[in-house]
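Proteins get letters first, then strands, A, B, ... in listed order; numbering begins at 1 in each.
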There are 2 protein chains.
Amino acid sequence: MKQLAKIFKALSDTNRLRIMRMLDKRSLCVCEIREILQLATSTVSAHLSILKEADLIVDDKDNKWVNYSLNTNSKNPTVKKILALVLHEGKSDQDFQEDLEKIITVDRTNICGS
Amino acid sequence: MKQLAKIFKALSDTNRLRIMRMLDKRSLCVCEIREILQLATSTVSAHLSILKEADLIVDDKDNKWVNYSLNTNSKNPTVKKILALVLHEGKSDQDFQEDLEKIITVDRTNICGS
DNA sequence: ATTACATTTCGTTAGTTGTCGAAATGAAAG
DNA sequence: CTTTCATTTCGACAACTAACGAAATGTAAT
């Protein structure tokens with residue numbers, strides 16, 4: 001598939017849009033995202049894989065966790081523009097604001113493996 | 001579905017991206033698009049319906065034809081930004097340039113109903 | 001080395017999507 | 001009012017997707 005279509009497909013799912021906006025707040029590991037979205041770990045992992053494949057996020061191994069974050073340094077100028085658009089749009093969405101509240105309290109050492 | 005996810009889903013298909021870029025050249029009817037994309041008429045109609053539902057294009061009845069064009073006057077500022085992004089990206093894509101060549105020669109009075 | 005544990009991969013399932021051809025719709029012309 | 005013809009809707013089908021739990025992977029600490 002063409003890269004632009006791939007980017008749009010990656011962002012065509014509400015859960016993946018929620019992930020993008022959560023990552024704008026801070027880096028998160030798989031189980032933190034699982035906790036907030038209330039999905040199976042394997043499902044979250046699959047979503048992250050799709051976003052990564054579209055060059056929208058990057059991962060960074062840290063101890064036993066994998067931290068995912070937005071690919072703000074992408075060489076692809078289109079990615080930068082779309083990132084700005086998606087994140088700006090999130091500011092006026094009440095549902096996403098609720099996710100952001102949860103990010104503040106969520107703690108990977110408590111919730112992972114529960 | 002949320003409006004932004006709907007817009008991204010509409011643009012996640014290569015044929016629909018091609019349609020968007022063709023419409024940037026000029027308004028087209030269903031059978032002109034069918035001729036260029038080499039798809040069934042009903043398939044093209046379905047694609048146009050999805051783009052219209054996402055507020056990306058508008059239709060305008062003219063005699064026995066329905067002219068489709070880009071919704072450049074959308075009240076949704078996100079639509080305007082995405083339109084600019086999609087069309088700009090198309091300029092550096094050889095495949096889309098070939099579609100544009102065909103638009104110049106295609107004539108609805110010849111090809112429709114053939 | 002073995003255990004513990006976060007993550008990924010695999011196999012499955014229900015639901016969605018892109019595609020087609022045939023039938024229905026609707027509007028203009030005869 | 002019947003025909004014509006561009007378009008839409010319908011019904012079918014193959015391919016793809018999001019979701020899950022279970023099994024595999026990999027890494028850090030015991």
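- Residue pairs that meet the disulfide (SG to SG under 2.5 Å) test with at least one member in residues 3-60 of chain B, sequence neighbours left out, are C31(B)-C112(B).
- Take D24(A) and apply the side chain to side chain donor-acceptor pair (under 3.5 Å) test, not counting sequence neighbours, and it matches no residue.
- Atom-to-atom, CG of D59(B) to P of dT8(D) comes out at 7 Å; the value is rounded to the nearest Å.
- Between the CE atom in M22(B) and the CD1 atom in I103(B) there is a gap of 5.5 Å [rounded to 0.5 Å].
- The ring pair (Phe, Tyr, Trp, His ring centres under 6.0 Å) analysis of residues 35-56 of chain B, with sequence neighbours excluded, yields no pairs.
- The side chain of S42(B) sits closest to dT9(D) out of dT8(D), dT9(D), dT7(D).
- Partners of K52(B) under the salt bridge (Lys or Arg N to Asp or Glu O under 4.0 Å) rule, at least two apart in sequence or in another chain, are D59(B).
- Rounded to a whole Å, the CE atom of M1(B) is 15 Å from the P atom of dT17(D).
- We find that CD of E35(B) is positioned 12 Å from P of dT7(D), with the value rounded to whole Å.
- The side chain to side chain donor-acceptor pair (under 3.5 Å) test applied to S45(B) returns no partner, not counting sequence neighbours.
- Atom pair R34(B):CZ and dT19(C):C1' shows a separation of 15 Å (rounding to whole Å applied).
- At a threshold of 4.5 Å between non-hydrogen side-chain atoms, the residues M1(A) and E53(A) do not count as touching.
- Within residues 8-30 of chain B, the residues approaching DNA chain D are C29(B), V30(B), by heavy-atom distance under 4.0 Å.
- Listed by chain and number, the residues in a salt bridge (Lys or Arg N to Asp or Glu O under 4.0 Å) with R21(B) amount to none (sequence neighbours excluded).
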Which atom pairs, donor and acceptor, lie under 3.5 Å between side-chain atoms of residues 83-92 of chain B and protein residues at least two apart or in another chain?
residue, atom, partner, partner atom, Å
E89(B), OE1, T78(A), OG1, 2.7
E89(B), OE2, T78(A), OG1, 3.4
S92(B), OG, E89(B), O, 3.1

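- Annotation: side chain to side chain donor-acceptor pair (under 3.5 Å) contacts of S74(B) (sequence neighbours excluded): D55(B).
- Proximity of Y68(B) to the phosphate of dA6(D): no side-chain N or O atom is located under 4.0 Å from OP1 or OP2.
- The NZ-C1' distance, from K6(A) to dT17(D), rounds to 16 Å in whole Å.
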Less than 3.5 Å apart, which donor and acceptor atoms pair up between the side chains of residues 4-14 of chain A and the rest of the protein, not counting sequence neighbours?
residue, atom, partner, partner atom, Å
S12(A), OG, K9(A), O, 2.7
D13(A), OD1, N15(A), N, 2.9
D13(A), OD1, R16(A), N, 3.1

Hey, what are the protein-to-nucleotides 28-30 of chain D N/O distances that come in under 3.5 Å?
none

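- Taken residue by residue, residues 43-52 of chain A places heavy atoms nearer than 4.0 Å to DNA chain D at T43(A), H47(A), I50(A).
- Heavy-atom nearest nucleotides on DNA chain D were determined for K61(A) and for L39(A), and the one closer to the 5' end corresponds to L39(A).
- Comparing Q38(B) and T41(A) along DNA chain C, the residue whose closest nucleotide (by nearest heavy atom) sits nearer the 5' end is T41(A).
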